[in-house]
Amino acid sequence: MTRNRLAATAATTVFALFTTPALAKDLVVHAGHLIDGVGAKPRDNVSILIHDDRITGVQDGFVTPAGAEVIDLSTATVLPGLIDMHDHITSAYTGKNPIAERVTHSDIDTAFDSVGFARKTLEAGFTSVRDVGGETGVVVALKRAIAGGKIAGPRLWVSGYPLGPTGGHGDPQNGMSTELDFHSEGRVIDGPDEAAKVVRRMHRDGVDLIKIMPSGGVLSIGDDPNNTLMTDAEISAVVNTAHSLGMRVAAHAHGRDAIIRASALGVDSIEHGSFGDAEAYKVMKAHGTYLVPTLLVADTVVKVAKAHPESLNPSSAKKALEVGPITIANLGNAYKAGVKIAFGTDQGMAPHGTNAQEFALMVRAGMTPMDAIRAATVNAADLLNASADVGSVQANRYADLIAVAGDPLADVTQLERVRFVMKGGAVVKGWTDATAK
């Protein structure tokens, strides 16, 4: 009994260490160069003043307020914490048989996997992530665990299960034996009434946004990415219900028709947008719809389809070889047309923590490095409806900062080598050359 009481006391003490609020803390970051997500050009020799988890000011020159701890990044380029607007932080490509994995990998396995994925993503400089398709219970719990300081990870905005029609992209029963039950209820919606009810239920269950599947997909079995699979009434029911609850709607859409219809009906973002054209871009611009292009998954899945087609779902390799190159080429067309772009990787195919490889693909498609960075900072924050908290380095925003050694405007791949990460005023990855004074 004595041993048990001692163990209980020790456990209570450890718990208190993690849950007791930290004392107020003042920091100042001396940034040699600052891309702040606000101005059109970098600023040189800037001081970022931080109190607890928020930025209190940004001043020219290197200043040291009384009592503040100094983090010396005077030789570095500092940026806002990056934001990935299309991630699957609870899943990963393993190269194994995907059908076998579906019937042997449990939600509990997924939850444990996610802890490592979240840490890798944060350490790569992505301090905020919008997860658009995971087991609702797992990803909501992950979000809460990170927000509660129980595990390390980026700030999460989560959609839970993506919603689509029977037989569409996202129906877990696709290609599976009818004798097996893959629990499609709550994620398959047929008709506007069912759509509205499921959206309300997901809001109750803790999601932040809704993702829908108006077109077919690439990695699903048997559906066609060009086909529009949701009715206007179903899309409208989701959009109207979600917006009435303060949630935004992301629409997986490859085909031109699905892009146009979903944009016209009020979704907030088009994910992928592979077969967009001038008419689709015109509609997107008219409705202020963002494009989240996900070039990294397109590039990755093409490589996998060529080298290891057996590691993809049946029919997926053929679709990947068709859709992938078009997705990358069409970002340049959308960008030239003036469509709003937000950064997203569709991470889960490429290894977690390699999210920043998307930047080079965006630049290769025709974006300037600064606009690619803005897509992952200020634009992404706008699409999140969180500009008051993240996406820029200015007063009252969270002290989410990253730093790289070189100039990402001259070489955007510098963002693949993030050397310093701060989230909410806490250093996650320290700069090896930084000196605390």
Side-chain angles (χ1 to χ4, degrees), residues 85-86 88 90 107 130-141 143-144 156-174 181-217 220 223 225 227-255 257-273 280 283-284 286-292 342 344 383-386:
M85 292 297 288
H86 190 125
H88 299 283
T90 64
D107 289 354
R130 188 182 68 160
D131 187 283
V132 285
E135 298 291 329
T136 300
V138 172
V139 75
V140 168
K143 175 187 73 170
R144 291 173 176 166
L156 290 183
W157 284 256
V158 304
S159 74
Y161 300 129
L163 306 181
T166 297
H169 185 58
D171 184 346
Q173 203 68 42
N174 281 354
D181 183 2
F182 284 85
H183 306 294
S184 60
E185 65 277 2
R187 65 182 86 181
V188 168
I189 51 172
D190 294 307
D193 291 342
E194 186 174 22
K197 182 177 181 179
V198 170
V199 169
R200 294 185 184 113
R201 181 184 300 135
M202 295 186 73
H203 179 263
R204 178 196 68 190
D205 293 344
V207 305
D208 305 292
L209 68 142
I210 298 295
K211 182 185 180 184
I212 58 172
M213 306 294 212
S215 88
S220 47
D223 54 331
N227 290 348
T228 302
L229 303 178
M230 292 180 69
T231 67
D232 286 359
E234 289 167 339
I235 296 171
S236 291
V238 170
V239 170
N240 293 338
T241 306
H243 285 176
S244 74
L245 294 169
M247 298 190 297
R248 298 198 166 183
V249 179
H252 159 104
H254 287 289
D257 180 66
I259 295 168
I260 291 173
R261 287 168 59 184
S263 299
L265 291 167
V267 303
D268 300 285
S269 64
I270 295 294
E271 314 297 306
H272 316 302
V283 174
M284 292 180 71
H287 291 271
T289 313
Y290 270 94
L291 173 64
V292 182
L383 178 53
L384 279 176
N385 196 26

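Model, not experiment: these values are computed from the prediction. Computed over heavy atoms, backbone and side chain alike; hydrogens, waters and symmetry mates excluded.
Contact record, Ala262 with Ile270: CB-CD1, 4.0 Å, taken as the closest heavy-atom pair. Val188 and Pro172 get closest at one heavy-atom pair: CG2-CD, 4.5 Å. Between His243 and Gly266 the shortest heavy-atom distance is CE1-O, 3.2 Å. Scanning both residues, Val283 and Ser263, for their nearest heavy atoms gives CG1-CB, 3.9 Å. Residues Ala342 and Leu383 share a closest heavy-atom pair of CB-CD2, 3.9 Å. Of all heavy-atom pairs between Arg130 and Ala250, the closest is NH1-CB, 3.8 Å.
Asp232 meets the salt bridge (Lys or Arg N to Asp or Glu O under 4.0 Å) test with Arg261; sequence neighbours excluded. Residues that satisfy the side-chain contact (heavy atoms from CB on, under 4.5 Å) test with Ala141, not counting sequence neighbours, are absent from this structure. Partners of Asp223 according to the salt bridge (Lys or Arg N to Asp or Glu O under 4.0 Å) rule, which considers only residues two or more places apart in sequence or in another chain, are Lys319. Remark: His252 pairs with His272 by the side-chain hydrogen bond (donor to acceptor under 3.5 Å, both in side chains) rule, at least two apart or across chains. With sequence neighbours excluded, no residue forms a side-chain hydrogen bond (donor to acceptor under 3.5 Å, both in side chains) with His287.
Remark: the Glu234 side chain and the Ser236 side chain contain no N/O donor-acceptor pair separated by less than 3.5 Å. For Asp131 and His86, the side-chain atoms include no donor-acceptor pair closer than 3.5 Å.
With rounding to the nearest 0.5 angstrom, the CG atom of Asn385 is 10.0 Å from the CH2 atom of Trp157. Atom CD of Glu135 and atom CZ of Arg187 lie 5.0 Å apart (nearest 0.5 Å). Note: Met85 CE to Leu384 CG = 3.5 Å, rounded to the nearest 0.5 Å.
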Less than 3.5 Å apart, which donor and acceptor atoms pair up between the side chains of residues 202-215 and the rest of the protein, not counting sequence neighbours?
unit_1 : atom_1 : unit_2 : atom_2 : d
Asp208 : OD1    : Lys143 : NZ     : 3.3
Asp208 : OD2    : Lys143 : NZ     : 3.3
Asp208 : OD2    : Val158 : N      : 2.8
Lys211 : NZ     : Val132 : O      : 3.1
Ser215 : OG     : His254 : N      : 3.0

Enumerate donor-acceptor pairs with a distance under 3.5 Å from any side-chain N or O in residues 191-198 to protein atoms, sequence neighbours excluded.
unit_1 : atom_1 : unit_2 : atom_2 : d
Glu194 : OE1    : Asp190 : N      : 2.9

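Among pairs with a residue in residues 159-169, none fulfils salt bridge (Lys or Arg N to Asp or Glu O under 4.0 Å), at least two apart in sequence or across chains.
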Practice prompt. Decide yes or no on side chain to side chain contact (heavy atoms under 4.5 Å, CB included) for Thr289 and Asp268, but give the supporting numbers first.
Written response: CA-CA 5 Å; Thr289 313; Asp268 300 285; over 6 Å; no

Worksheet item: What's the verdict on side-chain hydrogen bond (donor to acceptor under 3.5 Å, both in side chains) for Thr166 and Asp171, showing C-alpha distance, side-chain angles and the deciding distance?
Response: CA-CA 6 Å; Thr166 297; Asp171 184 346; 4.9 Å; no

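A side-chain donor-acceptor contact under 3.5 Å links Thr136 to the backbone of Tyr161. Between the side chain of Thr241 and the backbone N or O of Val238 there is no donor-acceptor pair closer than 3.5 Å.
For the pair Val199/Val249, no side-chain contact is recorded, criterion being any heavy-atom separation below 4.5 Å from C-beta on. Residues Glu271 and Leu291 have side chains not in contact (no heavy-atom distance under 4.5 Å, counting atoms from C-beta outward). Between Ser244 and Asn240 there is no side-chain heavy-atom pair separated by less than 4.5 Å.
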